[in-house]
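Atoms within each ligand, like the ligands themselves, are counted from 1 in listed order.
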Amino acid sequence: MWKDAQPSATKLAEYRPPDYRITDTELSFEIAEGVTQVTSTLQVERAAESGASEPNELRLDGQDLELLSVEIDGRRLSENEFAVDDDSLTLFDVPARCSLRIVTRIHPEQNTALEGLYRSKSMYCTQCEAQGFRKITYYLDRPDVLSRFTTHIITAAEGYPVTLSNGNLTADERLEDGRRRVTWHDPFPKPSYLFALVAGDLDVIEDVFVTCSGRNVVLKIYSEAHNIDQCHYAMSALKRAMRWDEQAYGREYDLDIFMIVAVEDFNMGAMENKGLNIFNTSCVLAAPDTATDSGYQRVEAVVAHEYFHNWSGNRVTCRDWFQLSLKEGFTVLRDAEFSAAMNSPTVKRIEDVSFLRTFQFPEDGGPLAHPIRPDSYIEISNFYTTTVYEKGAEVVRMIRTLLGDGRFRQGTDLYFDRHDGQAVTTEDFVAAMEDANAVDLGQFRRWYSQAGTPNIEIQQQYADGTLQVTFTQSCPATPGQPEKAPFHLPLAIGLLDSQGRELLGDASGGSSPVRVSTDATVENPNGDGTLVVQLKDPVTTLRFDGLQARPVLSPLRGFSAPVRLQGFSDGDDLRFLAEHDSDGFARWDAIRQLQSRSIHLLREDAPGDEVAGLVALYRRLLDAALGAAVPDTDDAEQKAIYATMLALPGESYLHEQMAEIDVDGVHRSRDALLAKLSATLFDQWLALYHANTTSGPYRPDPTDMARRSLKNVALHFLGMADDESEQVAELIEAQFEEADNLTDRLAALREILELRGLNENRRSALIDSFYDAWKDEKLVVDQWFMIQGARRAPGALARVLELERHPAFDRLNPNRVRALYGGFCGQNLLHFHALDGSGYAFLAERVLDLDDTNPQLAARLLTPLTRWKRLDSQRQGLVRKALQRIGSNEGLSPDVYELVFKSLGTQEGDG
Ligand code: PHE
Ligand code: ZN
């Protein structure tokens with residue numbers, strides 16, 4: 001176990017404002033092969049309100065730096081005037097106001113952690129969020145220190161024609177020694193985490209955006225030459241995002257230039273550095289043969305997300321890293337609203353909820369559960385979680401639902417206006433919402449401090465024209481939080497009569513005979529059939545009088561709150577909602593429950609009427625989906641919804657619905673249901689397939705995307721049909737050979753990997769042919785690794801070990817590593833959870849190996865081992881063994897250390 005110094009926790013309660021400010025920061029980078037020298041000149045001022053015990057002492061953050069010199073106001077300090085340790089430089093006697101010059105050296109070529117300044121292929125680039133700037137130079141590396149940056153980049157005359165930093169280009173000179181010096185100045189004060197620098201031999205595409213006030217903004221997207229043709233979609237998405245943010249939030253861009261750079265080695269998706277966003281190639285490149293439909297949508301969403309940070313994150317930033325959800329939760333909501341507006345809003349909502357349930361719910365119910373505003377961390381990089389991001393977005397979305405769109409906008413206007421140029425807290429965000437609208441969100445604030453997914457238990461009683469519905473809320477204990485206080489949350493509900501007509505709100509014709517009585521606040525914000533009920537108490541009762549017959553309740557339209565429903569499971573009601581609810585999300589949600597239930601019944605060998613009922617429902621849905629053939633936009637949305645409904649939930653989603661996870665049972669019975677639906681409805685699947693082929697060149701538009709998703713869902717069901725295997729194999733191979741886009745080609749290859757009837761030599765030949773055709777496209781090769789990692793046939797781990805020896809496997813490239821290991825550990829659940837523990841042991845070894853080169857990547861890969869709470873006892877023992885195996889190593893990174901020990905439940909005092 002960790003022998004000497006355990007990494008220590010940082011606590012929200014211990015926040016103190018900085019003792020010094022840095023008003024101006026001038027950086028000079030001299031980039032040469034193997035070593036970069038950084039000269040930093042800081043205008044430093046002691047904060048008037050400083051209550052420090054050593055008021056003249058200044059402690060700067062810094063890691064892995066070679067310190068060459070320190071000067072104050074032009075005087076070089078001697079060794080006894082400062083002290084250096086592994087993560088700081090302390091100056092003992094600093095005047096209240098001075099100019100501080102620090103010269104350090106770093107080695108970007110050796111930086112495999114991809115934090116700070118590093119080399120990716122032919123270029124140099126930076127990643128500073130959250131605490132990477134301290135690997136560049138000594139600094140007050142905290143988000144509440146805002147400074148105006150001027151950056152000089154000095155490079156050899158040859159090799160790095162493009163040198164970029166934040167803000168505007170102010171000089172481009174040739175030095176006497178022949179080197180080139182380019183200067184950038186960013187007029188907007190910003191924290192160090194938003195600093196960026198790029199140097200390389202890059203190509204560029206350019207465009208212009210005219211803002212709402214008529215200013216011209218130059219837009220540039222840079223990449224290595226071989227990728228530049230794949231940047232156009234991102235450019236169009238950027239322009240859409242800029243326009244949308246003006247219209248939806250009144251936010252205009254503020255600099256004269258906005259740049260995006262695509263890099264191949266990047267730990268995350270992308271980064272919102274002021275005026276110079278840096279992107280993982282996977283989130284910016286898109287072409288028909290190299291990106292799937294969902295890849296296109298991801299590019300659009302991430303480009304928008306990073307752009308939106310210019311206001312929600314950069315102009316208004318975070319006081320400290322506990323406030324991360326202030327920028328991330330809000331910005332995820334903003335990008336979701338944008339994607340909804342550009343595509344099908346219902347399908348976007350379905351995808352987001354599916355993601356939340358699959359990834360965030362298990363986090364919230366496991367050993368690493370934390371509130372969206374955590375109170376303690378060891379390594380902040382570990383808190384870029386689905387809780388902070390996606391649940392954080394749900395929380396802001398609930399504020400929007402509670403206030404209504406118009407008042408929410410007044411709240412965001414006040415927030416931006418009041419806090420422009422400041423580093424603030426989630427409390428400031430909520431306070432702006434309250435102050436703009438004279439509402440009290442006091443109880444609502446618990447969403448920021450309490451972890452865990454609330455349960456809402458629903459009870460219904462109908463008699464004599466009256467329906468009584470009782471909602472009882474509770475929230476399970478999470479680490480460090482045994483008791484929870486009730487939440488304030490909006491439930492969007494509807495009532496349907498047996499014809500599927502809405503019975504509530506204005507949709508009922510205005511003269512609704514149905515009366516609602518309750519103590520809770522109830523509103524009808526959109527004048528439709530949906531009422532928004534505000535739950536605040538542990539128990540809330542609603543009475544509906546004047547009904548003709550027992551109605552069907554639709555309890556959580558649009559997933560108005562991130563909760564689990566219990567006691568809402570009547571099969572007839574669910575089948576009815578799946579076909580008739582006016583809310584597409586609710587239709588999907590209903591069939592998800594039915595599918596899960598059928599799978600669990602099959603697992604217990606008790607299919608009964610449920611499964612028959614589901615098959616009959618599928619038959620009707622397939623008919624309806626086949627009817628939706630006219631190619632207009634509404635029809636595209638309906639098709640896309642049908643595609644999400646017809647596809648079975650994945651195994652991870654199903655695991656999340658179970659008190660104790662039955663790995664083998666879920667796998668077996670899910671396949672059984674697939675096979676049954678496939679065999680019974682074969683002709684309809686085939687018809688659906690043929691009815692949804694696309695014509696003309698590939699277009700990533702809603703109509704064609706909806707057709708492709710329906711077609712490929714059908715293909716997947718067809719692929720399970722053993723009786724017709726030859727006919728199906730032909731169909732799949734034809735799609736594989738003839739596809740003019742990655743979506744169809746990859747869908748076919750996925751089937752080829754699993755088809756039971758296919759000859760093994762033929763299968764290998766097809767897999768190889770895909771690689772040979774696309775080996776120069778790294779993102780496509782990532783997909784090739786991923787789907788093979790996820791391949792379900794016996795021998796999965798052996799195949800993964802073989803793929804690791806493939807010449808294209810590169811353990812220093814995060815995308816490649818995540819593709820193969822993520823495919824195996826995240827998607828190939830049967831094999832990853834093998835009862836001999838081989839999957840867990842394998843992952844433990846790889847985590848240890850990667851921890852030496854890239855701790856953030858290692859920590860992220862570890863996630864599947866942190867989700868052991870609801871496995872059977874034998875597997876629990878095996879996972880713990882794997883975690884202990886990792887934990888028994890000395891010199892773990894704080895990243896991996898924190899996750900391992902919190903998962904084992906042996907890290908004290910951290911919730
Ligand atoms: N701030 C980035 C985003 O969400 C994510 C990120 C975090 C990127 C840390 C790199 C490092 O937009
Ligand atoms: Zn973000």
Inset, instruction - Could you label the plane-to-plane angle of the F149 and Y139 rings as parallel, tilted or perpendicular, counting under 30° as parallel and over 60° as perpendicular? - result: tilted
Inset, instruction - Assign the ring pair Y389 / Y384 to parallel, tilted or perpendicular, where the plane angle (0 to 90°) is split at 30° and 60°. - result: tilted
Inset, instruction - Quick one: which residue pairs count as a salt bridge (charged side-chain N to carboxylate O under 4.0 Å, His left out) with a foot in residues 857-867, not counting sequence neighbours? - result: E363-R867
Inset, instruction - Over 60° means perpendicular and under 30° means parallel, so classify the ring planes of Y253 and F258, tilted if in between. - result: perpendicular
Inset, instruction - To 10°, measure the OE2(E328)-the Zn ion (ligand 2)-NE2(H309) angle for me. - result: 80°
Inset, instruction - Give the ring-plane orientation class for F901 versus Y897, where under 30° counts as parallel, over 60° as perpendicular and anything between as tilted. - result: tilted
Inset, instruction - Check side-chain hydrogen bond (donor to acceptor under 3.5 Å, both in side chains) between T137 and all other residues, then give those that pass, not counting sequence neighbours. - result: none
Inset, instruction - Could you tell me whether any N, O or S atom belonging to E306 is less than 2.8 Å from the Zn ion (ligand 2)? - result: no
Legend entry - Sequence-distant partners of N314, side-chain hydrogen bond (donor to acceptor under 3.5 Å, both in side chains), two or more places apart: none
N or O contacts of ligand 1 with protein under 3.5 Å, please list pair by pair.
| residue | atom | partner | partner atom | Å |
| --- | --- | --- | --- | --- |
| ligand 1 | 1 (N) | E129 | OE1 | 2.6 |
| ligand 1 | 1 (N) | E272 | OE1 | 2.7 |
| ligand 1 | 1 (N) | E328 | OE2 | 3.2 |
| ligand 1 | 4 (O) | H305 | NE2 | 3.3 |
| ligand 1 | 4 (O) | E328 | OE1 | 3.1 |
| ligand 1 | 4 (O) | E328 | OE2 | 3.2 |
| ligand 1 | 4 (O) | Y389 | OH | 2.6 |
| ligand 1 | 12 (O) | E272 | OE1 | 3.3 |
| ligand 1 | 12 (O) | H305 | NE2 | 3.2 |
| ligand 1 | 12 (O) | E306 | OE1 | 2.7 |
| ligand 1 | 12 (O) | E306 | OE2 | 2.8 |
| ligand 1 | 12 (O) | H309 | NE2 | 3.4 |

